[in-house]
Structures are given as C-alpha cells and as structure tokens.
Amino acid sequence: MSLPKIYEPHAYESDVYQAWEKSEAFLPKNRGDHRAFSLVMPPPNANGNLHIGHALTNAIQDVMVRFERMRGKASLYLPGADHAGFETWVVYEKQLTAQGKTRFDFSRSELYSQVWNFVEQNKEDMLAQLRELGASCDWSRFTYTLDEKVVATAYETFNKMWKDELIYRGERIVNYCTNHGTSFSDIEVVYKSDKSKLWYIDYPLSDGSGSIQVATTRPETMLGDTAVAVHPKDERYKKLVGKMVRLPLCDREIPIIEDEAIDPEFGTGAVKVTPAHDPNDYDIASRHNLEFVRIIDFEGKITDLAPKRFQGQSVEEAREHVVTALKKEGALAKEEDYEHSVGHCYKCDSVIEPLLKDQWFVKMAPLAKKAIEAIKNKDISFFPKSKGSQLLRYLENIRDWNISRQIAWGIPIPAYQNADDPNDWIFNSDVGQETLEIDGKTYKRDPDVFDTWFSSGQWPFVTLGYPKSSDYKHFYPLSVMETGGEILFQWVGRMIMLGLYITKNVPFKDVYIHGYVLDEHGAKMSKSKGNVIAPKEIIKEYGSDALRMGLIAGRSAGLNQGFSTAKIVGARNFCNKLWNAARFVESQCPEGYKLSKPHPKTMVDYWMLEQLRVKAQTITQKLENYQFTEAYETIYHLLWDDFADWYIEVSKHQLNKDVLAFGLINILKLAHPFAPFVTESIWRTLAWEKDMLIINGWPQLKYSYEKESKDFSRIQDVVSEIRYLRSQLHLTENNLYYKDSPFIKANADLIVALTGLLGCHEVSSGHGLHLTRANVDAWIDVEENAMRDYLIKLLEERDAHMEELKILETRLENKSYLKSAPHHIVEETRTKLAEKKNLIERFKDEVDFIEISLKRYL
RNA sequence: GGGUCUAUAGCUCAGUCGGCUAGAGCGUCUGGUUUACACCCAGAAGGUCGUAGGUUCGAGUCCUACUGGACCCACCA
C-alpha cells in the first residue's frame, strides 16, 4: 500500500506546491468556461511576518479562485506586496534608534535606498509564507507597490487630478504627530478618553466694563487666540458682540464675534478661538477672516509668536505655566475635572496636535458622488450587505483627503515649487532631482511622499496594467475584492472612487469582507498582549490545510470571531479522514486499476451517487454565494457521514469498485478548494488521471437517482433503530426476526453486518421487541426485563408523538390556516399528519404487545 | 452624539423568501480492537432561540421598546 497510515502534511506540502507552480497551474487559462474570474490579493506588508489574519484572508481568496479555476474559468489570482509606507517606516526608524542613529543623519535619498534594501531582505520571507499557505496565485504577475508601473500610474492620476482641479494645495489644520514628524489622515487618528480639566478664564473687556468668561481644555492655546465667539442668539452676550477683549498674558486685543457653531449650553457659552490649533476654530476663523497665529511648532514646542516666557516650552509645560500665570493674574476663575476624548497617534500613542500645514489635498465630493451612485445602483454588491451601507454613509459625509506624508519611505510627490514664488507649483514626474531649472526659474521638489492609500487605491487597475494590456481587457473589473473590514473606508472606498475616476468603471463587482481573527477568548490579538498566534506555528503542528479549514469553519462574513484550536484539530482530523478513506479505496482498487464510468448495481450505489449529486450542487451554490462555512460543512459530512460511515462500511460487504472510486475522486474535487494539499497528495499517489487535481474539472453530476436512493434510506432507518435498541438496552447477542418482508429478506446480510446482530431469520410467527420507528415488521429477541425497561421509554416517546399529532390536527382544523397558507405547505402538513398517525399506530401496537407479553409471564 | 453588528445547547457558531419535531463541531455521558482511520466506530443527553410587547393562520426569522456585548464614524471648546 503506497499511502501511509497517518497523513503527515509536511511530507507532501512543499512538493505539491512546487508541482503546481511548475505545471503553470496558477496561470489564468480558459479550461472550458469562457468567462473570466479575477481576484487581486490585498498586498501584505513586504516587511513583516504573516499574521493569522493573512492566513484567513488568503484562505478565503484561495478557496474562491481554486473553485473557479476547477470550473474551467480563466482564473487570475494576482499576488503582491506592500511597501506599507508609514508602517515600514516606523519599524525601520526603530532599528535606526537601536543603532544610535536618527533619520537626520541621512539624506532623503540615502534613507530611501536603505529602507528599500531593508524591505528586500524581508520580502522573500513573506512570499515563502504565502506559498506555505497554499495561495495559488500567479507569481508571474506579482506586483510590488513601488513597481515602476505603480509609481507611473500614481503620477498620471495625480497629474490628471491636478488638471481636473481635484488637487489643491492648502494650509489646513492637519493631524500632526510631533513624535513621528508627520501628519495623518483623519482615519489614522485614534480618539481616546482622557481625564483632564476644564479651565474657566476671564477675558477682560478692553473698555473696562467687565469681562467675558471662556471655558477650555487647552489653556495654552490662548496664546494664539484671535477672537472670542458666542452664539448669535445667546441673549447673555448680545451686547458684547463687536467689543474687544484684552487677551491675558499677551499684549493683544481680540474681538468678540458671533458664530452659529457655538453651543450656548456648553461651558459659559463663550469660546476662545485659536484658528491655528483647532479644526473648528479654523472653520470659524475662515468665516470671519481672523488672523492665524501659530504658537505651536511641528516639534510640539511654543513658538516665538507667543510671549517670551513660554517660548520653547513643550505643550504640556506651557499648559502648566499658563495656568499658573493666569492664577497669578487672577484671570483663572475656576477649574473642573473633565473627561473628554483626545486624538492619539495610532502608532506611538502621542497626543495628536492639530497644526496648520501646507499639504496636497484631493477634493473628495465629486469622486464620492460617482461611488455613491455605483453602490446605490448595485454595480457593486457587498457581502455582508451591511458593509455597503456603512460605506455609503462614509462617502456621503466624506471630507477632503490630505495625501501628503512627511516621511522618506514612499512614492515622492511629483511637484516642484518655485523657490522665489511659493504659490507657483509645477507638476514633474521626474522626481530624481531635488531641484529643476525651468525658464531661468529654480524649482524645488516637494520633500513629501504620497499617503499609501493614494497609490494602493488604484491597485485593481494598476496591477492589471491599465490602460492597454490584455490583462486589463480580460480581467477588469475584478470579479471580487476580498479584504478586512478595518480598511473598508481607507481602501475599498478609495479603490471604488479612484477606479471610477480613472477607468470609468467599477474596480470590482463584489466585495467580500471578513472580520478579525480574535484570540481564543475573543480579545483582539496584539503583540503587546502577547496573544498573537503565528500561522507558521499552526502549519508546523497541524498542516496548512488544517489551518485554512479551521479558520474558515464556523466563520461568517464581516464578523469578528475567535481563533479556535478545536476547529483546527477538527480540520486536521478531516484531512486524516480523507487520507484514510483514500487508503481504503486504494486497497480495493489496487495498482493497475483504471477509472471507468460508475454503474450502480445495489441500492447503496444509487444512494451514494445521489448524495454526491445533491451535495455537489449544494457546495457549488454555497461557494457561489460566498458561504464558505456552509460549503465546508457540506463537504465535511459528505465525506465523513455519507462516504466513510455508510458507503465504505457497506462496501466491505458488497463492493462496486467503480462507484467507490468515483465517490472518492469527486469528494477529492469538492474538497480541493478547502484542503488543496491533502487532496492533491492523494490524487498524485493514486495517479489515476494525468492532469493534476488543481486543474481538474469541478463535479457536474447530472443523473438523479432520487427514487432509487430511497431504498437505502430505509435500510439506514432499520439499521439506526437496531443500533439504538442495542445501545439503549445493552443488548449483546441477539437476532432479528421478520415475517412477510421481502425487503428485509433481500438485505438481511447487510443489516446483520451493519448492526452486529447474530443473525436475521424469516419466521411465520414469534415475539420480541418490534421495531417501531422503521416501518417494517421485524423484531429482536429480548429478555423480559429489558422489555420492561424499554416500555417506559416507549410510552414517553409515544406521548411526545401524540402531542405533535395534536398540533398538526389543530393546525389543519384552523380555517384561516387552510385559507391563507400556501397549498404545498398545507399538503405537507397533511402528509405529516398521516405519517404521524401511522407511527403512533406502530407505537400503540408495540406498547400493547409488550404489556400483554409481560402480563402473560407474570 | 450618530451609526452598524450581535444575543440560539456547557463552549464556538449555522439557521438566506416567515412554513420543522431549531442544526453542526467541540465538550459531556454510555458502549465498542468491526480487514481505511483511537486524528476511530456506535449510541445518548442537552434549547420557553436575551427581555417585554406587536404584526401574522403561523415568528429563532419581520416591527417597536428595553437590557447586555462588540465595533465604526464624528467629536465637545
């Protein structure tokens, strides 16, 4: 026998993967279905190890593509790697720090090439891990987010947007991390509840007629105040509007203005306005043409626009000093404990400073409008549906997008600024030089790089080689985008907007969103918590197939669910079951066996073929609807229950090699998307077909044996009841007797074999314990006290059936039910009623019979 | 503050157009060396489907409110 007793994944996995790759099975070839299927991998970070989320996402994607490939579609699964701008930068900078260096020791281009090399070192390792997971992607089309075509497309898009007036340069309040020295988009800021104080400050009126009190959580920003604002309808302050106040600690006068944005209920109803350091104040200031006074710089220090004694202090120091100074001046009216949310850097947790900075912005409203139309129009479908409406809400409220990032690692922004005229910017994609000389003018390159999402938002058409490649023609839009819910807005939303903007077409037809893999206790995995599970380790212990099935099992779209070792074990056992079923089949169809068309002879053959047909259909349907859990469950039970527990067991007594082999190969096919390694390993060992399983056709079983298969279902009923009785009554050596039953007679040997009875005999009369659940006239020879025990159970069961009978009867007596319910439902109820009556009759007979028998012996 | 998801067996979850006697895996209990597999086989127990209303002939499924859990967005001076 060529298959060993236990399936050892490691003995096969890497060989099988190499064989796939070598055979070019991953290339998208039309194998019988003219349609195309395309899927692009959300590129994992080139720099990192794969985490359990990658294992899930790639498992789902791989199931999709293997299914479609087997169906014969030209199926493209395009892999990639992400330079992961900021993420990688953070890792690299940590390494620099460890070496006692900082980024200021190097030029931008030096840094860039250093990080490039750093990433190159790690990339291969990451790709090897993808192979371990079994990802059947076309490596010849592998794309890195810094590949020339990606950069070129990003530049073209930037240029087009510039021309279309969707790009503008603006001094806006940005979310700035003074530690990392870069600004962030709104979605990269994490708000956290902070315990702080609310300070009440008196601002004296210039005319000496009193003062106005403001409340603030950031007293240090008063140094940059340029107004006090109140609500126009606030009666308390009506008279004060237009007057000037003298700003404490500073030698400045600022006006009292009115603005709708003020909430009269909050604090004192009067607000200090610091346009350069607060987004709302910035808006107010824009409306009222107020001055912008920057008193905090990009290092988080107080600038020389503030009074001398605070200059150079950190924000925190300044806060303390300002409060003390205000107290001294008697301007501080009171302070209260206060809890509010404060933005933090999602990487280093520093408090985000809202600062004014010149940045490139993308006008989002026009882009979002098209995306909203496409989603509402159902040009894109979401799984689960709710993700679509979440995205819609986001798009409907979208704000302009800051695409500038102040780090070295990324795609340089192709824009140059006139050294003599700050408002004169030109586009130039030749970013190799720091300065350009044009028409006698000197232009300096913008030192910033693009936000990663600017280029990766164009991923679907960039990777396919837009606009002229044949890949683009064949595979765009993508069939489906599979990714995690956490980047629905950042990535999915942007791909839709940019896809529509550039290609005039949606980038993908379906979006499948998966949730997080939480730890076993339902907590989010994180390095700091130490609850991270590495895919590598799981593969080592249980095999790659077990990992992917264990992750997919019991998981539904969009929901966060815990990792479960029990499920991995279950999946590993499934692989072993498959392996051993194959071993049995191999022993019955040894070397030299030739596959041939299955000809059903016995009832179990018909039944098996019918199970295969029905379940292949179910699996196909579930996979088409992205119901992976359900598809997996179906193949699991088809193999384990139908094939192994019934068909193989029966085969030990009545063998039909062709049906047996046919059953196995179809199960291997149906299981292949889920368990590619073990199924292909078996396939190769059996060597019944020349082609590899990966490109073999998906089962399409047309002949229905629905009627013929019913006979075996009867056998199953009889066998199950006998097993039940034997187990319940602890029967050991017993016989089955029957009279006038050609059905039992014809299957006597099989029944004996499957139940472990001593024998089965036809008699003209006799007594014993009758089968009641199965509709046959047969009984087992049983001792009296066993019968007595069983009588109680029988009575309980009978009563339960009577209750159910009652429910059915009442339902059928209900005139509204008969009137309103659909015909087939009513018919169904009638059939059930008849069956139930029949069953109860058998119970009654048996109860009577036992009672009489027992009495006779009393 | 706005929004989304979620509550079903001891645990983790299915349950798609409302039409069952509500399912699966794990765990538990009982019994098993049956010519693939103890990573196994046979059998069983275990549920007023979060609570309270409503719609309907009929609700785990639809509606309303409440309670618990998770998450997202916006952000309060």
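Below, read A as the first sequence line, B as the second, and so on, with proteins coming before strands; counting in each chain starts at 1. Only heavy atoms go into these numbers, but all of them, side chains included; no hydrogens, no water, no symmetry mates.
A donor-acceptor contact closer than 3.5 angstrom is absent between the side chains of D749(A) and H653(A). Side-chain atoms of T685(A) and Y12(A) include no donor-acceptor pair closer than 3.5 Å. Of the N and O atoms on the side chains of T772(A) and E721(A), at least one donor lies less than 3.5 Å from an acceptor on the other residue. No side-chain donor from either of R811(A) and N814(A) sits under 3.5 Å from a side-chain acceptor of the other. Neither side chain, Y593(A) nor E586(A), offers a donor N or O lying under 3.5 Å from an acceptor on the other. Checked by atom type, the side-chain pair R393(A)/N397(A) shows no donor-acceptor distance below 3.5 Å.
Atom CZ of R319(A) and atom P of A77(B) are 11 Å apart (whole Å). Protein atom CG of L655(A) is 13 Å distant from nucleotide atom P of A36(B), rounded to whole Å. Remark: P of C37(B) and CD1 of I682(A) are 15 Å apart, rounded to the nearest angstrom. Rounded to an integer number of Å, the gap from CG of L725(A) to C1' of A44(B) is 13 Å. Protein atom CG of L729(A) is 12 Å distant from nucleotide atom P of A44(B), rounded to whole Å. A44(B) atom P lies 14 Å from atom CD1 of I722(A), rounded to whole Å. Taking atom CG of residue L578(A) and atom P of nucleotide C40(B), one finds them 13 Å apart after rounding to whole Å.
Note on E649(A): a base of the nucleic acid sits closer than 4.0 angstrom, heavy atoms only. Note on T629(A): nothing from the nucleic acid sits closer than 4.0 angstrom, heavy atoms only. Among the atoms of the strands shown, base atoms are found under 4.0 Å from some heavy atom of K622(A). Here S556(A) lies in heavy-atom contact (under 4.0 Å) with sugar-phosphate atoms only. D263(A) comes within 4.0 angstrom of a nucleotide base, judged by non-hydrogen atoms across all strands. Using a 4.0 Å heavy-atom cutoff across all strands shown, N280(A) reaches sugar-phosphate atoms only and no base atom. Y338(A) comes within 4.0 angstrom of sugar-phosphate atoms only, judged by non-hydrogen atoms across all strands, and of no base. When heavy atoms are screened at a 4.0 angstrom cut-off, F266(A) is found touching base atoms of the nucleic acid. Across all strands, I648(A) comes closer than 4.0 Å to base atoms (heavy-atom distances). A229(A) comes within 4.0 angstrom of no nucleic acid atom, judged by non-hydrogen atoms across all strands.
Checked options I635(A), D545(A), V569(A); the residue passing with F574(A) is I635(A) (criterion: side-chain contact (heavy atoms from CB on, under 4.5 Å)).
If N560(A) and K5(A) are placed on RNA chain B by their nearest nucleotide, the residue sitting closer to the 5' end is K5(A). Two residues, H730(A) and E8(A), neighbour RNA chain B, and the one matched to the more 5' nucleotide by heavy-atom proximity is H730(A).
Below 30°, between 30° and 60°, or above 60°: for Y790(A) and Y724(A) the angle between ring planes is above 60°, a perpendicular geometry.
Comment: E353(A) engages R218(A) in a salt bridge, judged by a side-chain N to carboxylate O separation of less than 4.0 angstrom. Salt bridge status for K832(A) with E835(A): absent, with no side-chain N to carboxylate O gap under 4.0 Å.
In this structure, C75(B) forms no base pair with any nucleotide, since neither Watson-Crick nor G-U wobble geometry is met with both distances under 3.5 Å. If you check A44(B) for Watson-Crick or wobble pairing at under 3.5 angstrom, you find it paired to U28(B). Across all strands shown, C17(B) has no partner, as no Watson-Crick or G-U wobble contact with both distances under 3.5 Å is found. Across all strands shown, the partner of C62(B) is G54(B), judged by Watson-Crick or G-U wobble contacts whose two distances both fall under 3.5 Å.
Rounded to a whole angstrom, the distance from the P atom of C57(B) to that of C13(B) is 37 Å. A distance of about 16 Å separates the P atoms of C26(B) and A44(B), rounded to the whole Å. Nucleotides G15(B) and G50(B), compared at atom P, are 15 Å apart to the nearest Å. Atom name C1', nucleotides U48(B) and U8(B): the rounded distance is 12 Å, in whole Å. For A45(B) and A36(B), the C1' atoms lie 30 Å apart once the distance is rounded to whole Å. Of the P atoms belonging to C40(B) and A59(B), the separation is 41 Å, rounded to the nearest Å. Taking atom C1' in both U21(B) and U64(B), the straight-line distance is 31 Å, to the nearest Å. Only the P atoms considered, A77(B) is 47 Å distant from G18(B), to the nearest whole Å.
Set against A36(B), A42(B), C13(B), the side chain of D645(A) has A42(B) as its closest nucleotide.
Contact annotation: R399(A) reaches the phosphate of C75(B) (side-chain N/O to OP1 or OP2, under 4.0 Å). For the OP1/OP2 pair of G58(B) and a distance below 4.0 Å, the side-chain nitrogens and oxygens of K819(A) include no atom meeting the criterion. At C41(B), one or more side-chain N or O atoms of W640(A) fall inside 4.0 Å of OP1 or OP2 (strictly under the cut-off). Contact between the side-chain N/O atoms of R723(A) and the OP1/OP2 oxygens of G43(B) is found at a separation under 4.0 Å. Regarding contacts with the backbone of A77(B), every side-chain N or O of Y200(A) stays at 4.0 angstrom or more from both OP1 and OP2.
Between the T274(A) side chain and the H277(A) main chain, no donor and acceptor come within less than 3.5 Å of each other. With hydrogens and angles ignored, the 3.5 Å screen pairs no side-chain donor or acceptor of R555(A) with any backbone N or O of G515(A).
Once rounded to the nearest 0.5 Å, the distance linking CD1 of I254(A) with NZ of K272(A) reads 8.5 Å.
Residue-to-nucleotide contacts include no donor-acceptor pair under 3.5 Å from the side chain of R583(A) to the base of C37(B). Under 3.5 Å, the side chain of Q627(A) and the base of U16(B) form at least one donor-acceptor pair of N or O atoms. With hydrogens and angles ignored, a donor-acceptor pair under 3.5 angstrom links the side chain of K652(A) to the base of A36(B).
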Discussion item. Return a single string for nucleotides 2-7 of chain B, one symbol per nucleotide in 5' to 3' order, where B is base contact, S is sugar-phosphate-only contact and - is none, cutoff 4.0 angstrom on heavy atoms.
Written reply: SSSS--

Worksheet item: Going 5' to 3' along nucleotides 18-28 of chain B, which nucleotides have protein heavy atoms under 4.0 Å from the base (write B), which only from the sugar-phosphate (write S), and which from neither (write -)?
Response: -B-S--SSS--

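You'll find the side chain of L518(A) stays beyond 4.5 Å of the side chain of F563(A), heavy atoms only.
Nucleotide C40(B) carries an anti base; the chi torsion (O4'-C1'-N9-C4 or O4'-C1'-N1-C2) is more than 90° from 0.
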